[in-house]
Amino acid sequence: MSVKIFRDANELSHSAAQSFIEIANRAIAERGCFLVALSGGSTPLKLYERLASEAPALSAAEGLDWSRAHFFWGDERCVPVDDAGNTYGQTKKILFDKIGRTNIHRIVSELEPDSAADAYAHTLSGFADAPFEFPRFDLVLLGMGDDGHTASIFPNSPVDVSTPTLAVTAQYQDRPANRVTLTPLVFNQAREIWFLVTGTGKAETLRSVLKGKPDLEKYPAQRIQPVNGNLVWMLDEAAASLL
Ligand code: 6PG
């Protein structure tokens, strides 16, 4: 596990965009495609904007072939795509409408949560990396709430989950309550996992998650422990101020 501290969210997003492209190109060169699970929330939006603005130049200069990228999500809120709370809908406006042909495997948020979770598990099985029924993601982006949740894995939720997806209901800020999430079973098989965390509001929880005693029930972000991959915490100075 490594921790990278940046001056601010802009510097973090610029660096993350460069690394994102490097990982994508390496995956495409090695395996013919790039499988990435995006995060919701506000923190990664600057990264998506960077990728959209730099994509045309990058495609030419570094030969990034977006048609070989496959976009999934770590979680989604069960609201229509055109709802402001829908993560896919937000990312489509910022990124997918700008980078041309690519491959989208969204969580069908219009379905009932349990059905959406089952449908997403089926989608994942189409990219299964034996012996698993789901892909080994090349990159997973995650955020962390000020309560220590990540994706839609919330405090006091069951720690030992054996399914790749779950339908959950949770209250966090003014965000939609009904959600579908990937579980640590899937996340922890990824080759590379990034937490993007910024702002003073996260500093105390971040200290508990990174420096405190393990408490997987209280701090779901601690459940993210890649089996055979890299875990990188990308922080701004404000979020890292108590480390
Ligand atoms: C979501 C995310 C969630 C988010 C954290 C942090 O759908 O909301 O998956 O886990 O990453 O709540 O959100 P911010 O980046 O907005 O602080």
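Indexing begins at 1, ligand by ligand and atom by atom, following the structure's order.
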For ligand 1, output the ligand-protein N/O contacts shorter than 3.5 angstrom; if there are none, return none.
from: ligand 1; atom 1: 7 (O); to: D75; atom 2: OD2; distance (Å): 3.2
from: ligand 1; atom 1: 7 (O); to: R77; atom 2: NE; distance (Å): 2.8
from: ligand 1; atom 1: 7 (O); to: R77; atom 2: NH2; distance (Å): 3.4
from: ligand 1; atom 1: 8 (O); to: R77; atom 2: NH2; distance (Å): 2.7
from: ligand 1; atom 1: 8 (O); to: R175; atom 2: NH1; distance (Å): 3.1
from: ligand 1; atom 1: 9 (O); to: D75; atom 2: OD1; distance (Å): 2.7
from: ligand 1; atom 1: 9 (O); to: D75; atom 2: OD2; distance (Å): 2.9
from: ligand 1; atom 1: 10 (O); to: H149; atom 2: NE2; distance (Å): 3.3
from: ligand 1; atom 1: 10 (O); to: A151; atom 2: N; distance (Å): 3.1
from: ligand 1; atom 1: 10 (O); to: A151; atom 2: O; distance (Å): 2.7
from: ligand 1; atom 1: 11 (O); to: S39; atom 2: OG; distance (Å): 3.4
from: ligand 1; atom 1: 12 (O); to: H149; atom 2: NE2; distance (Å): 2.8
from: ligand 1; atom 1: 12 (O); to: R175; atom 2: NH1; distance (Å): 3.0
from: ligand 1; atom 1: 13 (O); to: R175; atom 2: NH1; distance (Å): 3.1
from: ligand 1; atom 1: 15 (O); to: S42; atom 2: N; distance (Å): 3.4
from: ligand 1; atom 1: 15 (O); to: T43; atom 2: N; distance (Å): 3.0
from: ligand 1; atom 1: 15 (O); to: T43; atom 2: OG1; distance (Å): 2.6
from: ligand 1; atom 1: 16 (O); to: S42; atom 2: N; distance (Å): 2.8
from: ligand 1; atom 1: 16 (O); to: S42; atom 2: OG; distance (Å): 2.7
from: ligand 1; atom 1: 16 (O); to: R175; atom 2: NH2; distance (Å): 2.5
from: ligand 1; atom 1: 17 (O); to: K202; atom 2: NZ; distance (Å): 2.7

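Nearest heavy-atom pair, D236 versus R7, reported as atom, atom and distance to 0.1 Å: CB-O, 4.4 Å. The two residues G41 and R77 come nearest to each other via the heavy atoms N-NH2, 3.8 Å. The two residues A221 and F195 come nearest to each other via the heavy atoms O-CZ, 3.8 Å. The shortest non-hydrogen separation linking V3 to I5 is CG1-CG1, 4.0 Å.
In summary, R31 and D138 engage in a salt bridge, as defined by a charged side-chain N under 4.0 Å from a carboxylate O.
Judged as a side-chain contact (heavy atoms from CB on, under 4.5 Å), and not counting sequence neighbours, the contacts of N86 are E76, V79, V81, Y88, S109.
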